[in-house]
Amino acid sequence: MARHRRKGDLPTKTCATCGRPFAWRRKWARVWNEVRHCSDRCRRARRSPGAAGATDGPGPAGASDGPAGTR
């Protein structure tokens, strides 16, 4: 039987979006050379630059959803 590998013995990469290290997973065994992102969230954020910080605040100065002068 095959011996178990310790998590520290698995190959690692650095995520292209967040820069965090991530380890090999069995589901990536066939495509490990093509894997660039640690999660689906980072992969989606990489495709659409505005998606990562969409909830970080009201946006650029002067932009509002309501009519002017309602503050």
A.B. asks: For Arg36, which residues count as a side-chain contact (heavy atoms from CB on, under 4.5 Å) partner, sequence neighbours excluded?
C.D. replies: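 Once residues adjacent in sequence are excluded, the partners of Arg36 under the side-chain contact (heavy atoms from CB on, under 4.5 Å) criterion are Ala16, Arg46.
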A.B. asks: Using 0.5 Å steps for rounding, measure from the CG atom of Leu10 to the CZ atom of Phe22.
C.D. replies: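 Those atoms lie 12.5 Å apart.
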A.B. asks: For residues 18-30, which residue pairs qualify under side chain to side chain donor-acceptor pair (under 3.5 Å), counting only residues two or more places apart or in two chains?
C.D. replies: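 Qualifying pairs, neighbours excluded: none.
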A.B. asks: Excluding sequence neighbours, so at least two apart, what forms salt bridge (charged side-chain N to carboxylate O under 4.0 Å, His left out) with Asp40?
C.D. replies: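 Per chain and number, Asp40 pairs via salt bridge (charged side-chain N to carboxylate O under 4.0 Å, His left out) with Arg43.
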A.B. asks: Applying side-chain contact (heavy atoms from CB on, under 4.5 Å), name anything that partners Thr14, two or more places apart in sequence or on another chain.
C.D. replies: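 Partners of Thr14 under the side-chain contact (heavy atoms from CB on, under 4.5 Å) test: none.
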A.B. asks: Taking side-chain contact (heavy atoms from CB on, under 4.5 Å) as the test, write out the residues that go with Ala23, two or more places apart.
C.D. replies: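 Scan of Ala23 (side-chain contact (heavy atoms from CB on, under 4.5 Å), adjacent residues dropped) gives Thr12.
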A.B. asks: Of all the heavy-atom pairs spanning Cys38 and Cys15, show the shortest one and how long it is.
C.D. replies: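 So the minimum-distance heavy-atom pair works out to N-SG, 3.5 Å.
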A.B. asks: Would you name the heavy atoms of Thr17 and Cys42 that are closest together and state the gap between them?
C.D. replies: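 In terms of heavy atoms, the two residues are closest at OG1-O, 3.1 Å.
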A.B. asks: State which residues pass side-chain contact (heavy atoms from CB on, under 4.5 Å) with Asn33; sequence neighbours excluded, sorted by chain then number.
C.D. replies: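 By the side-chain contact (heavy atoms from CB on, under 4.5 Å) rule, Asn33 matches no residue at all.
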A.B. asks: If only atom types and distance count, is the side chain of Lys13 paired as donor or acceptor with the main-chain N or O of Val35 below 3.5 Å?
C.D. replies: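 Judged by distance alone, yes, a pair lies under 3.5 Å.
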